[in-house]
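These numbers come from the heavy atoms of this one structure, side chains and all, not from hydrogens, waters or symmetry mates. From a predicted model like this one, the values you see are computed outputs, not experimental measurements.
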Amino acid sequence: MRGEGDVVCPEPWVRSVSEMIPNATMRTAEGKGHEAMITGSKPVSELVEEFLREHA
């Protein structure tokens with residue numbers, strides 16, 4: 001999971017890392033930066049809930 005505007009972990013890099021991990025998926029918290037999990041509880045929790053529904 002990365003923030004949409006994350007300059008520390010750019011989308012191409014995160015995508016390439018996630019492709020190396022079996023069964024991994026990349027998710028993006030829209031409108032958030034690198035600290036998405038700290039400053040973006042709503043979009044992050046929605047992505048976590050979506051993931052849990054898909055993998056329950």
Cluster overlap Met20 with Val14, hydrophobic side-chain contacts below 4.5 Å: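 Cluster IDs for Met20 and Val14 match.
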
Taking all atoms of both residues into account, what is the closest heavy-atom pair of Lys32 and Thr39, and its distance?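 Scanning both residues, the minimum pair turns out to be NZ-O, 3.4 Å.
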
Looking at every heavy atom in both Pro10 and Arg2, which two are closest together, and how far apart are they?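 Looking at all heavy atoms of both residues, the shortest contact is C-NE, 3.8 Å.
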
Check side-chain hydrogen bond (donor to acceptor under 3.5 Å, both in side chains) between Glu49 and all other residues, then give those that pass, not counting sequence neighbours.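 Expected list: none.
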
side-chain hydrogen bond (donor to acceptor under 3.5 Å, both in side chains) partners of Glu30, counting only residues at least two apart: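 Scan of Glu30 (side-chain hydrogen bond (donor to acceptor under 3.5 Å, both in side chains), adjacent residues dropped) gives none.
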
Distance (rounded to the nearest 0.5 Å) between Asp6 CG and Glu35 CD: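 Those atoms lie 9.5 Å apart.
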
All salt bridge (charged side-chain N to carboxylate O under 4.0 Å, His left out) counterparts of Glu46, not counting sequence neighbours: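 Partners of Glu46 by the salt bridge (charged side-chain N to carboxylate O under 4.0 Å, His left out) criterion, ordered by chain and then number, come out as Lys42.
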
Partners passing salt bridge (charged side-chain N to carboxylate O under 4.0 Å, His left out) against Arg27 (at least two apart in sequence or in another chain):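 Glu50, Glu54.
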
Rest of the hydrophobic cluster containing Val48 (Ile/Leu/Val/Met/Phe/Trp/Tyr, side-chain heavy atoms under 4.5 Å)?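 Other cluster members: Met1, Met37, Val44, Leu47, Phe51, Leu52.
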
Output every pair passing side chain to side chain donor-acceptor pair (under 3.5 Å) with a member in residues 9-18, not counting sequence neighbours, ordered by first then second residue.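 As it turns out, the side chain to side chain donor-acceptor pair (under 3.5 Å) pairs with a partner in residues 9-18, which skip direct neighbours, are Glu11-Arg15.
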
